[in-house]
Each structure stands twice: as structure tokens, then as C-alpha cells.
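So the structure is just underneath, and the comments pick up after that.
Numbering of ligands and ligand atoms starts at 1, following listing order.
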Amino acid sequence: MMLNEHCQIECLDCGFRTPYHPLVTTCSHCGGTWLKAVYDYAHLSHALPSRLKERPFDLWRYRELLPVMQPAPELRLSEGGTPLIRALNLGMMLGLANLFMKDERQGPTSSFKDRQAALSISALKTVGVREVVLASTGNVAIAYSAYAARAGIKLWAFLTSLVPAAKMREVALYGTQVIKVTGSYDQAKQVAAEFARQRGIYLDAGARSIANIESMKTIAYEIAEQLGEVLNESAETMEGGQPRWQAPDWYIQAVSGGMGPLGVLKGFREMYEMGWIDKIPKIGVIQVEGCAPMVNAWKQGRDTAIPVQSPRTNIATLATGDPGRTYTLLRNWMLEGSGGAFESVSDEEAYRAIHFLAKMEGMSVEPAAAVACAGLIKLVRSGQIKPHEVVVMNISGHTLPVERAILGEGWSRNVVVSEAIHAGAEEGLLAALSKITIDRFPRIAIVDDHPEARRLIRRILQSQGEYTLYEAASGREAIELAQRERPDLIILDLMMPEIDGFGVIEALQAQPETAEIPIIVVTAKELTPAEKDRLRGHIQSLMQKGDFMSDDLLDEVRALLK
Ligand SMILES: *Cc1c(COP(=O)(O)O)cnc(C)c1O
Ligand SMILES: [Zn+2]
């Protein structure tokens, strides 16, 4: 295990440089407490790419750009190297051709905090640290606990009482001493700091720790490498042997203290400096409405954030009320780069996004990650994210602690087998199964000659409600279907070969049994006044394809089914 001897730390205030040491957190020259790691970028820009070929795709792949060169093998849990997954359905719904999820759930403890824990615990282990104190909103404590357990380091975790009990128990399971602080996260941080000071124990410095920030950087390196592969298949390297990596246009993350985006942005800035990418992405910083000091400050044009004293959110992971200097740094770096956006979403919007991600993409995420997704939806809607842009969003965690709250009652059907068997083997079982009644959900017919378009509407409807869905691929099929199934609602495409949407409407209205079925017309083109006249009075609602965002369509559907 060894530290990177080419890693220097530079004071952000006076520029003084010293070799990296894990326990140095202040500048010996001016006393400044914000330091950053620097490397020999001119050398690495051409020396490193050729070495990458032989290395596994994990966090240590970029070791020359990290403060620790070699972790002890016994510490490792397969950190970093998470997949970049295309979000096809969600992308289609939002009109984004290149939407990706950096799936940080696939780390050892299911959040991107694994990177931080792996690097920081490795660094501390090299200098003989035996005990660590930290304050956490949950995920940092879980990740550090796992690595501390492997390293034989004793961990004291100060958790705000907002942290779900399931997460607290996971922390305790790893052998960490859990101290529940009834109060805000900022207060838990103060208590932890005082405890560490009194006992002389190392306190994790959060965003002021070199190892923490540097670990987050690896997310950026991986994304650039992965995007380069997906989007630039043909060319293997750029001239001069440099990798053909690609930065996204946007990196979107739910934010609490801001360490993630700060580290990720540092990574992209380094790659830009080394000539590996041709732009620095815009950063989408998403906070919860009840705790959005950064968003408030950004929207007011302030370069310092006013702390939120008592956060109002159930999403404990994101409850940092006082981002301190992290916000200012992030803002300045964003403004020096390509900018970005600070946006907030409500807890409810995040919970809805959990459903979108689960039902449209098969991704079960924790509320904090869904905040990023809800923010993405908002940024697309407001036109800040453009259809052609490449977007990567950070997805972490697991829904486990919140599934109960989100699903409510009635999400399962129960069959009691023992009773059934008593009643007499097979018959009893059949009787039990017959009790699994099929509820009568509202019935909706989707009519479109493009299978893609039908699939999109189906996904949107399925993601947010229980419906029985039918599909018809032509006007003729639609008319037959309507007569046979008598759906409660028809979503109808106008432009179809043979019998088009106008023809379907006429046919349905000519028959008393189908004349009353409400119709939402979805069209790909702007209608002429004459066409609009033809529809007037015959349909309930008209929507433009491509910009029918889920909410609009769902609101219409719900209103018409009432
Ligand atoms: C820690 C965490 C955040 C917030 O990250 P910061 O970069 O520290 O603001 C967001 N989402 C998840 C899942 C987290 O674990
Ligand atoms: Zn200094």
C-alpha cells in the first residue's frame, strides 16, 4: 500500500504546495483549510492512456491521478467501475436520444460513497490511523463501515435521527458505533467534531478531505471513457495516442453537501486540461425543496449560500443545511466551465420519479437518486436541457427503506397455502387461487401505426397507474377493438395509412355503443385550422407528440377517466 508521491497538495488561498499526506488538512503557510490535489498533468496526459489498456475497469485504474497508488488487496471490495446504462424509455419520454444512468448502485454498498470510503480508508490505513469519527446522513456511514471493518479501523458514526432505521442498523451490523443525534445533520456534524476533538480521534473532513474529493473524480473519468466507447465506436484513439474520450453535455446529481459534483467537476477539468475531452460538462445540481440552500443562492446570484437551519424533507440523505464553501467553489468552477443549473424538486416529485425509474427502466433507486431524476425532468421541461444533448445522471442507493411509504397498501395478493391444503389438496388450492380476483382497472386503447409510439405511451401509463391497456396498429384495428372491448378511453394517432384518425373518429361516432368513448388525439405535426375544425367537438383533448411530457398525458387521462 502506498501513497502517490507525485501527488501534491495546493492551498486554494495562497497556492502553497506540499507533498500529499492524509492527515494534513490545513495549509502550513497561511492556515487555509481548503486544499486541492495536483499532479503532473503535462506528463500524465500522454503517459497514462497507453497504460490503461491492461488495467481492470475499477477505481484504481486512474491511480496516477489519485493520492493513493495502491490499496492493500485485503481492503478492496470491487469499488468503482460501475456500468453506464442507457435510459431508453425515459429518454424517449423526455425526447432525449442520449440519456445515461451511471449506476452507482452496483458498488459494494450501493452508493457512490463507496469510492470515497475505499480511497479514504486506504489513505488513513497507510498512515496507521486506528479510529475514525464521522457524521453522516446515512450512505457515507454505511460505506465507511464496510471498509473500516475490512481495515480493522474503529468507526464512530454520528447519524441524524432522520436517517431511516434500516440504514442505521446496517451501519451497526458492520461493527460501527452508532450515535443517533436528535437534531439536524449540521448539528450532528458539530457533535461529531466536538467528540473527535475531545478524544483526539481523526475526524473525516468531508469535502475538505483530499481523498474524498479525489475519489469522486473517478466518476468523471469513467463516464468520459464509457461515453467515448458508446458514442465514438469507430475511432480508437485520437491523434497523438490520446484516448477518444467524451464528456457528456450534462452531469446530473442530487446534492446535499456538494462533494460529489465538486469532485466530478474537478475530474472533467483535469481531463480537459490534459486534452482528453473537448468540453467541460454542465452540472445539474438538484436539491430537495425543503433543503435547498445552494439552489436559493444560485437563483439569487449569490456566491455564498445562506444555511437552512431546519431542513424540511423526508429525504435524509440530502439534508445538509449548510454547504459552506463547497457551494462557492462549485459555483465558481461551474461558471469557469460551461455552467449548469441549480434546481429543486419536492419530495413528492422524487417519489414519482422512483416509479418512473422502476417501471420504465427497471432501476430501483433510493429517494435521493430519484431527486436527480425529478430534477432532470424539470430541466428538460424548462428547456435548459436540449433534445440533442448527452446527459448522464448519477443513480445510487436502494429503495428498501422507503418502499413501504411509496407503495402504500394493497400491493400484493395473498394465498394461504396451509388452509388450502387442509380443505383437501388440489381443490383447496384451486379455491384459494380463485380468490385472486382480477381487479377491473380502467381500460385504455392506444392507437398508433408506429410500434415505438405505442410502446412509449404504454410505458408512461404503466409507470404511474394501473390500467388495462389495448393496442391497435391501424384505423381498422382501432374500430374493431373499440367495438369489441369498449375501452374507457382511446388515445388516438391522427396520421395513419388507410383509415386515419379522422376516419376512426367518424366511424366510432356513427355507432351508438362507441360514440361516447372519450378520445385524446396525439399528433406528430402542427394541425391546420381546417383540421382543428374537423376535430372540434369530437375529441376531448389534443396533444402534440414529442412534447407530451408524462404529466400532461397522465393528467388528461386521469381527468377523462373520472
Ligand atoms: C451522498 C449522496 C448524495 C449527495 O451527495 P453530495 O455530493 O455529498 O452532495 C446524493 N445521493 C446519494 C445517493 C448520496 O449517497
Ligand atoms: Zn495557504
Quiz item: Heavy-atom contact under 4.0 Å between Q253 and ligand 1?
Solution: yes
Quiz item: Based purely on interatomic distance, does T317 place a nitrogen or oxygen under 3.5 Å from a nitrogen or oxygen of ligand 1?
Solution: no
Quiz item: Identify the closest protein heavy atom to atom 10 (C) of ligand 1: which residue and atom is it, and at what distance?
Solution: A254 O, 3.2 Å
Quiz item: Closest heavy-atom contact between D13 and G32?
Solution: OD2-CA, 3.8 Å
Self-check item: Identity and distance of the protein heavy atom lying nearest atom 13 (C) of ligand 1
Solution: S396 CB, 3.3 Å
Quiz item: Under a heavy-atom criterion of less than 4.0 Å, does L318 contact ligand 1?
Solution: yes
Quiz item: Counting only heavy atoms not in R55, do more than 12 fall under 6.0 Å of its CZ?
Solution: yes
Quiz prompt | Heavy atom of G258, distance to ligand 1 below 4.0 Å | solution = yes
Practice problem: Please report the closest heavy-atom contact between A211 and S120, naming both atoms and the distance. | Solution: CB-OG, 3.5 Å
Quiz item: If you measure from the Lys or Arg side-chain nitrogens to the Asp or Glu carboxylate oxygens, is any gap between R61 and E222 under 4.0 Å?
Solution: no
Quiz prompt | Closest non-hydrogen atom pair, A141 against L155 | solution = O-CD2, 4.2 Å
Quiz prompt | Salt bridge K279-D249, side-chain N to carboxylate O under 4.0 Å | solution = yes
Quiz prompt | Within-cut-off N or O pair, F112 and ligand 1, under 3.5 Å | solution = no
Quiz prompt | Sub-4.0 Å atoms of ligand 1 with respect to non-hydrogen atoms of G260 | solution = 6 (P), 7 (O)
Exercise. Measure the shortest side-chain to side-chain distance between I395 and I85 over non-hydrogen atoms and say whether it is less than 4.5 angstrom.
Key: no
Quiz item: Where does the angle between the aromatic ring planes of Y327 and F342 fall among parallel (under 30°), tilted (30 to 60°) and perpendicular (over 60°)?
Solution: perpendicular
Quiz prompt | With the Zn ion (ligand 2) as the apex, the SG/SG angle for C11 and C27 - to 10° | solution = 110°
Exercise. Please indicate whether any nitrogen or oxygen in E366 is less than 3.5 Å from any nitrogen or oxygen in ligand 1.
Key: no
Quiz item: Can you list the atoms of ligand 1 that are under 4.0 Å from a heavy atom of S256?
Solution: 4 (C), 6 (P), 9 (O)
Exercise. May I ask you to check whether A368 has an N/O atom sitting below 3.5 Å from an N/O atom of ligand 1?
Key: no
Quiz item: With a 4.5 Å limit on heavy-atom distance, are the side chains of Y41 and L65 in contact?
Solution: yes
Quiz item: In terms of heavy-atom contacts, does NZ of K180 have more than 12 from other residues, nucleotides or ligands at under 6.0 Å?
Solution: no
Quiz item: Which bit of M216 is near ligand 1, meaning a heavy atom under 4.0 Å away: side chain, backbone, both or neither?
Solution: neither
Quiz item: What atoms in ligand 1 come closer than 4.0 Å to a heavy atom of P261?
Solution: 7 (O)
Quiz item: Which residue and non-hydrogen atom of the protein lie closest to atom 14 (C) of ligand 1, and at what distance in Å?
Solution: K113 NZ, 2.7 Å
Exercise. For N139, take its heavy atoms, then give the atoms of ligand 1 lying under 4.0 Å from any of them.
Key: 13 (C), 14 (C), 15 (O)
